*Asks:* 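I am attaching a structure below and will ask some questions about it afterwards.
So that the names make sense, note that chain A is the first sequence line, chain B the second, and so on, each numbered from 1. Fair warning: this is a prediction, and the values are worked out from it, not measured in the lab.
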Protein chains: 2
Amino acid sequence: MSITIYDVAREANVSMATVSRVVNGNQNVKPATRKKVLDCIERLGYRPNAVARGLASKKTTTIGVIVPDISKSYYAELSRGIADIATMYEYNIILSNSDKRMTREMELLDDLLGKQVDGLIFMSDSLSEEIKKEMATANVPIVLAGTLDSSTDLATVNIDHEQAAYDAVKKLIDNGHKRIAHVSGPLTRDINRYCKKVGYERALKEAGLPIYEEYFIETDNTYDDAYEKWRLLRKLDEKPTAIFAGNDDIAVGMMNGIRDDGYSIPEDFEVICFQHTLLSRAVRPQLTTIVVPLYDLGAVSMRLLTKMMNGEEIAETNVLLPYRMEERQSTR
Amino acid sequence: MSITIYDVAREANVSMATVSRVVNGNQNVKPATRKKVLDCIERLGYRPNAVARGLASKKTTTIGVIVPDISKSYYAELSRGIADIATMYEYNIILSNSDKRMTREMELLDDLLGKQVDGLIFMSDSLSEEIKKEMATANVPIVLAGTLDSSTDLATVNIDHEQAAYDAVKKLIDNGHKRIAHVSGPLTRDINRYCKKVGYERALKEAGLPIYEEYFIETDNTYDDAYEKWRLLRKLDEKPTAIFAGNDDIAVGMMNGIRDDGYSIPEDFEVICFQHTLLSRAVRPQLTTIVVPLYDLGAVSMRLLTKMMNGEEIAETNVLLPYRMEERQSTR
DNA sequence: TTGAAAGCGCTAACAA
DNA sequence: TTGTTAGCGCTTTCAA
C-alpha cells in the first residue's frame, strides 16, 4: 500500500484536513504546523492521489485533445502549442488520434468525457452533425483548433484561410500569371473546400481570369500523391504557369515532379504554398509560402479553453490569428 | 448534476452492483436484467465516471508518456506507434513534453505518478541518477523508448545504433572513401555519444583509417545549425570526401551548405544519414539512409508495457528492433 | 443471479 | 487555526 493523506496526518499529529490544506497551499495553517506537515510528507514520501482528489473536487486538471494524427507535423506542432500553455496552467493532456474517422471521434469524445476531463480541444477535417450533438452533451468547454464550424456556436481558433489563399493567388496574378493551378488537399477537409479553394477562385474572378476545372487537382495531402498527380498537369496542352499548393508536402511533390521532367522553378513554373513544415526552407529552391502559425493556433486555443474553464467572460469566441507571406525562391 | 450509477439502478429497479456488473460485462447477470439495465443506461444517457472507477479499482487505464518534444517528427512518429497500441489495449495516454530538462522530467514523473497512471513510457537523451531514483519509487512499470540505460535494469526498446552507424560508415569506406566526417547531434544524447560515434570510429579503425578530430562536428540536431557548421568542414585544407550525418535534418543542412558552395552530391561528397523524416526522400538528390523504425519503436514499447502491466513474464526486457539501409542518390 | 455495505483517498462544508 | 464528518461515484467482497 502506498502512503495516504491519513498516514501523514497521524504521523504529524494533525487531522487530514490540515494536511489537505498544506498540500493545497491554503493560507489558514500556522507556519509551524505547515512545517511539521511538510516534514512528514517529505519523510514518508507522500504523493497526493490525483484520482481521489478529482473525485472529491470534481476537477481533474486534465484536458482532452482529439487530433487526426499526431505523427503529422502540422498537428505535432499545433499540439506543442497546446501543451506549453497547458503546462503553464498546470493541466495535463490526454492526447488521442482520431484519423478523422467520425465513429472514432465519437468514441473518443465519450471516452474523454467519461474520464472527466475539464475541457476539450478538438481538431478535425469536418464537423458532422453527430459530433456536434455529442459535444452538446458535454458539460465542459470545447475549443475547435484549426477546424471550421459553420454555425459558429462553438469556440474556434483559426487563421483566415480564405484570405490567405486569395493573397497567395493574387501574388501569382501580380507576377503576370494567367494560368494558375490549385493543387489542393482533400476536399473532405472543410478548410480546403470552403476556404482555400474559394479564396483561389475569388482571386481569379477578381482578376477577370477564367476558372479551369483541369487546373484544380485534389490530392490526399501527401508528397507522394502530389508527385504522382503532377502528370495530370503535365499532360495538358495548355499547362499552367504557376501553382498554388495546399501545403508544402504537396508543393514539394509537385516540384520534384516538375523538375524530374526537366522544367525549372521558378522559370517555367512559379510555386507558392501554405507552410506547415521545415520542408519549405530545406528544399532548393526554397518555397515561397503562407506561414501558418501552428504553434500559436494551439497555444491560443488552450488559452481560450482555460478562460472558458474558469468561467471567464470571452469577448470573441471565434478567433482569427494573423498569418504572413514569406517570399523565397519559388516565385519571382 | 450528471447521471450516476445510482440513478440507473433506481430507474431499473436493481442494485448499483448489478448496474456495475452490466457496465463491466460481467457474465453473472440474467440476460433480461442486462437488457433492462442497458435500456435505462441508454435512456438516461449514463456515462460511467472513470475517476470514481479509478479510485475504487486502483486502475486508471491511462499511461503516461514523457517525451522531449512532440513537435519533432522523430517523437511524433514514435508517439503515434505508442498511441495505436495503447488504443488497441484501451489505454489513454497522458502526453507531456520535458524538453530534456532534468528538473522537468522529475516534475513530470511525480505528476504522472500522482495521477495514478498504470504505466509509463519515458524518452530522453540521457538518464540521470536522480531520474532513476525517482523511477524506483514508482510502483508501476516503466519502459524506455529510444533511450539508453547503461545499467540495463529498466526495460528498453531500441535499435542497435552502434551497429547501424558502423554499417553506414562501412558503406562509405567500401565506396573508397578515406576521409569521412561525422556530423553528429549533441553528445549530451547518449545514443550519439555511446553508439553512433562509437560505431563510426569502429568502422574507421577496422579499416585502418585514422580518426581526425576535425572531422567530427557536433550540432544541435537542426537543419540550420548543420547548414551553419558546414563552414567548419569547408575551411579545411584536406576536406572530407564523405559525410555520415546523425539524422536527415543535419544531412540536408550540410547538403545545402555544400551545394550553395557549388559542390555536387554525390560527386564531390557522398552523404549518408539516419532517416527520421520525409525529408530524406523529398530532397534532391534523395538521401541514402539508415531507416529507423520509429513507429515500431513506439508500438513495441507500448506492447511491452502492456505485458508488464498485466504482470506477464517477459523473456527479454532490452529489445532491439531491426533497421535497414536504403540506398538512394547521395551515395554511389 | 442479485443486493448490501464497506471502502478507495481526498475535498469541503461546518463546527469548534 | 484546526478538526469532524459527510460525501464524490464507483468496485468488490460477502451473503443471500
*Asks:* List for me each residue that meets side-chain hydrogen bond (donor to acceptor under 3.5 Å, both in side chains) alongside A:K36, sequence neighbours excluded, and say none if there are none.
*Replies:* none
*Asks:* Tell me whether A:E129 is salt-bridged to A:K132, with the criterion being a basic N under 4.0 Å from an acidic carboxylate O.
*Replies:* no
*Asks:* Could you give all pairs that pass the ring-ring contact (aromatic ring centres under 6.0 Å, His included) test and reach residues 38-79 of chain B, with sequence neighbours left out?
*Replies:* B:Y74-B:H276
*Asks:* In this structure, how many angstroms lie between the C1' atom of C:dC10 and the CZ atom of A:R10, rounded?
*Replies:* 16 Å
*Asks:* Starting at the 5' end of nucleotides 10-16 of chain D, put B wherever the base has a protein heavy atom under 4.0 Å, S where only the sugar-phosphate does, and a dash everywhere else.
*Replies:* BBB----
*Asks:* Could I get the full list of side-chain contact (heavy atoms from CB on, under 4.5 Å) partners for B:S73, not counting sequence neighbours?
*Replies:* B:T277
*Asks:* Expressed in angstrom and rounded to an integer, what is the separation of B:D7 atom CG from D:dC8 atom P?
*Replies:* 11 Å
*Asks:* Figure out the CG/P separation between A:N26 and C:dA12, and round it to whole Å.
*Replies:* 10 Å
*Asks:* Within this structure, what is the CD-to-P distance between A:Q116 and C:dC10, rounded to whole angstrom?
*Replies:* 19 Å
*Asks:* Quick one: list whatever passes salt bridge (Lys or Arg N to Asp or Glu O under 4.0 Å) with B:K100, sequence neighbours left out.
*Replies:* B:D125
*Asks:* Residues in salt bridge (Lys or Arg N to Asp or Glu O under 4.0 Å) with A:D110, at least two apart?
*Replies:* B:R47
*Asks:* Closest nucleotide of DNA chain C for B:V14 versus for B:L55: which of these residues is on the 5' side?
*Replies:* B:V14
*Asks:* Distance check needed: C:dA12 P versus A:N28 CG, whole Å only.
*Replies:* 14 Å
*Asks:* D:dG3, OP1 or OP2 - any side-chain N/O from A:T18 closer than 4.0 Å?
*Replies:* yes
*Asks:* Whether B:K58 contacts C:dG9 is assessed here as follows: a side-chain N or O lying under 4.0 Å from the phosphate OP1 or OP2. Is that the case?
*Replies:* yes
*Asks:* Distance check needed: C:dA4 C1' versus B:N13 CG, whole Å only.
*Replies:* 16 Å
*Asks:* Could you list the residues that satisfy side-chain hydrogen bond (donor to acceptor under 3.5 Å, both in side chains) with B:T156, not counting sequence neighbours?
*Replies:* B:N318
*Asks:* Give every donor-acceptor pair under 3.5 Å between a side-chain atom in residues 304-311 of chain A and any protein atom, sequence neighbours left out.
*Replies:*
{"unit_1": "A:T306", "atom_1": "OG1", "unit_2": "A:R303", "atom_2": "O", "d": "2.6"}
{"unit_1": "A:T306", "atom_1": "OG1", "unit_2": "A:R303", "atom_2": "NH1", "d": "2.7"}
{"unit_1": "A:N310", "atom_1": "ND2", "unit_2": "A:T306", "atom_2": "O", "d": "3.3"}

*Asks:* For the atom pair CG (A:D296) and CG (A:L321), what is the distance rounded to the nearest 0.5 Å?
*Replies:* 6.0 Å
*Asks:* Could you work out, with salt bridge (Lys or Arg N to Asp or Glu O under 4.0 Å) as the rule, every residue matching A:K30, not counting sequence neighbours?
*Replies:* none
*Asks:* How bent is the helix from C:dT1-D:dA16 to C:dA16-D:dT1, measuring the angle between the end axes built from five pairs each, rounded to 10°?
*Replies:* 30°
*Asks:* For B:R101, what residues pass the salt bridge (Lys or Arg N to Asp or Glu O under 4.0 Å) criterion, not counting sequence neighbours?
*Replies:* none
*Asks:* Under a 4.0 Å heavy-atom cut-off, which of residues 32-44 of chain B touch DNA chain C?
*Replies:* B:T33
